[in-house]
**Q** 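A single structure is presented below for examination.
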Amino acid sequence: MITKNIKEFKLKIPENVTLVAVSKTKPIEDLQEAYDAGQRVFGENKIQEMVDKYDALPKDIQWHMIGHLQSNKVKYMAHFVDLIHGVDKFKTLKEINKQAKKHDRIINCLLQAKIAKEDTKFGLTFDEIAEILNSKEILELTHIKIAGFMGMATFTDNQEQLAEEFSLLKTFFDTQKQQTKIHNCHLEILSMGMSGDYELAIKNGSTMIRVGSSIFGHRNYNY
Ligand SMILES: *Cc1c(COP(=O)(O)O)cnc(C)c1O
């Protein structure tokens, strides 16, 4: 199943869109199967779980942290994490920078934008993102790269609403991409779309989709 799903996804998504296989809660064997089918980018939302899987699996995997971050845990993944999707505080950027420096690395980060109408989701408003990108403090962070933005749409079937949320973020992304000219910010990635809404996200400019259940099947408990 997993092998077939990975192969189908590779065929159906455009070349410029990266597929992040969201493997949270899934056992090592499932990730290995996806790896054997050619998948190299995996997303996890708990740091300890990601560390355990990193230790057990081939080292050419790119590990993405897609969950909400606790600053005090950044140190456990600083030596290998490839991209951190859910940064929604300047303080977290500072901590990532500090930990990356210890390992002489530059860690790629996405700022998480609040696009959903629900207030349960984390994220920064567009104004808050602009404020961070225009701040003096960000210039001092030599060991991070802001590689783009991440957004999670409202949990709804309303296609119009989803499309609107995605396209608002895409427009904001394009504007910031044009305007932001700082050394540690190269806006290339727009991470939007999950199993239920990735097609719409791609139509509205996503360059990175985070897909869990459509690859690995349903998760037993709700994360
Ligand atoms: C779990 C999760 C996903 C994947 O969700 P599916 O609906 O299973 O594809 C994507 N993004 C984030 C941030 C997640 O936590």
Side-chain angles (χ1 to χ4, degrees), residues 13-20 22 41 43 45 64-69 71 81-97 106-141 144-211:
I13 65 174
E15 241 175 273
N16 68 314
V17 175
T18 303
L19 171 66
V20 181
V22 175
V41 185
N45 73 339
H64 289 195
M65 175 44 58
I66 63 168
H68 189 250
L69 278 189
S71 289
V81 68
D82 185 70
L83 179 65
I84 300 178
H85 286 236
V87 180
D88 67 355
K89 280 189 200 73
F90 184 75
K91 188 183 137 208
T92 310
L93 277 181
K94 265 178 85 169
E95 177 63 16
I96 296 168
N97 184 69
I106 290 176
I107 296 181
N108 299 308
C109 301
L110 304 180
L111 296 177
Q112 183 169 357
K114 197 187 197 71
I115 55 172
K117 301 270 187 314
E118 306 149 343
D119 35 66
T120 51
K121 300 244 161 76
F122 300 103
L124 297 152
T125 64
F126 292 169
D127 284 347
E128 288 167 336
I129 290 180
E131 200 178 304
I132 288 178
L133 296 179
N134 291 318
S135 69
K136 283 213 180 73
E137 292 81 9
I138 197 169
L139 299 173
E140 294 161 17
L141 306 183
I144 56 145
K145 181 174 107 181
I146 312 259
F149 304 148
M150 183 267 226
M152 275 173 98
T154 303
F155 189 70
T156 174
D157 285 336
N158 184 335
Q159 301 295 300
E160 260 170 56
Q161 186 183 343
L162 290 171
E164 187 189 309
E165 291 175 8
F166 288 140
S167 78
L168 277 175
L169 182 53
K170 165 69 171 158
T171 304
F172 177 68
F173 174 77
D174 287 342
T175 310
Q176 291 302 316
K177 191 178 158 94
Q178 270 211 329
Q179 290 178 356
T180 311
K181 306 259 184 292
I182 55 178
H183 71 89
N184 49 2
C185 183
H186 301 274
L187 300 176
E188 286 149 359
I189 300 172
L190 188 53
S191 166
M192 0 182 250
M194 327 196 336
S195 291
D197 57 16
Y198 71 88
E199 282 159 318
L200 207 52
I202 292 172
K203 265 195 210 130
N204 287 283
S206 171
T207 70
M208 185 171 275
I209 56 175
R210 309 175 308 269
V211 180

**Q** Tell me, do I146 and T180 make a side-chain contact under 4.5 Å, heavy atoms counted?
**A** no
**Q** For the side chain of R210 and the backbone of S191, is there at least one donor-acceptor N/O pair under 3.5 Å apart?
**A** yes
**Q** If every non-hydrogen atom of F166 is compared with every non-hydrogen atom of G193, which pair is closest and at what distance?
**A** CE2-N, 4.2 Å
**Q** Which distance, rounded to the nearest 0.5 Å, do you find between the CG of L83 and the CG of L110?
**A** 4.0 Å
**Q** Give the C-alpha distance, both sets of side-chain angles, the deciding distance and a yes or no for side chain to side chain contact (heavy atoms under 4.5 Å, CB included) between L133 and L111.
**A** CA-CA 10 Å; L133 296 179; L111 296 177; 4.1 Å; yes
**Q** Identify the heavy atoms of S135 and F90 that sit nearest to each other, and give their distance.
**A** OG-CE1, 4.4 Å
**Q** With a 3.5 Å distance limit and no angle check, can you tell me whether T207 reaches the backbone of L190 through a side-chain donor-acceptor pair?
**A** yes
**Q** Identify the two heavy atoms, one from G43 and one from I66, that lie closest to each other, and give their separation to 0.1 Å.
**A** CA-CG2, 4.3 Å
**Q** For T171, is there any backbone N or O sitting under 3.5 Å from a side-chain donor or acceptor partner on D174?
**A** no
**Q** Do any N or O atoms from the side chain of T154 and from the backbone of K117 form a donor-acceptor pair under 3.5 angstrom?
**A** yes
**Q** If every non-hydrogen atom of L141 is compared with every non-hydrogen atom of H183, which pair is closest and at what distance?
**A** O-CE1, 4.0 Å
**Q** Please round to the nearest 0.5 Å and tell me the distance separating atom CE of M192 and atom CD of E165.
**A** 10.5 Å
**Q** I want to check something: taking the side chain as every heavy atom from C-beta on, are M152 and Q112 in contact at a cut-off of under 4.5 Å?
**A** yes
**Q** Less than 4.5 Å apart, side chain to side chain, heavy atoms only: is that true for H64 and M208?
**A** yes
**Q** Does N97 reach the side chain of N184, with side-chain heavy atoms less than 4.5 Å apart?
**A** no
**Q** Hey, could you give me the CD1/CD distance between I209 and E199, rounded to the nearest 0.5 Å?
**A** 9.0 Å
**Q** Only one of D157, N204, L200 clears side-chain contact (heavy atoms from CB on, under 4.5 Å) with L162; which?
**A** L200
**Q** Which pair of heavy atoms, one from D197 and one from M194, lies closest together, and at what distance?
**A** OD1-N, 2.6 Å
**Q** Decide side chain to side chain contact (heavy atoms under 4.5 Å, CB included) for E188 and K145; before the verdict, give the C-alpha distance in whole Å, the side-chain angles of both, and the deciding distance to 0.1 Å.
**A** CA-CA 11 Å; E188 286 149 359; K145 181 174 107 181; 4.1 Å; yes
**Q** To the nearest 0.5 Å, tell me how far L93 CG sits from I107 CD1.
**A** 11.0 Å
**Q** Decide if atom CG of N16 counts as having more than 12 heavy atoms of other residues, nucleotides or ligands within a radius under 6.0 Å.
**A** yes
**Q** In Å and rounded to the nearest 0.5 Å, what is the CG to NE2 distance from N45 to H68?
**A** 12.0 Å
**Q** Supply the atom-to-atom distance F122 CZ to M150 CE, rounded to the nearest 0.5 angstrom.
**A** 11.0 Å
**Q** Assign the ring pair F172 / F126 to parallel, tilted or perpendicular, where the plane angle (0 to 90°) is split at 30° and 60°.
**A** parallel
**Q** Compare every heavy atom of A116 with every heavy atom of A153, then report the nearest pair and how far apart it is.
**A** C-CB, 3.8 Å
**Q** Measure the shortest side-chain to side-chain distance between I138 and I132 over non-hydrogen atoms and say whether it is less than 4.5 angstrom.
**A** yes
**Q** Main chain of D88, side chain of K91: is a donor-acceptor contact present, judged purely on distance under 3.5 Å?
**A** no
**Q** Using a 4.5 Å cut-off on heavy atoms from C-beta on, say whether the side chain of I115 contacts that of L168.
**A** no
**Q** Take atom NZ in K203; do more than 12 heavy atoms of anything else shown fall under 6.0 Å from it?
**A** no
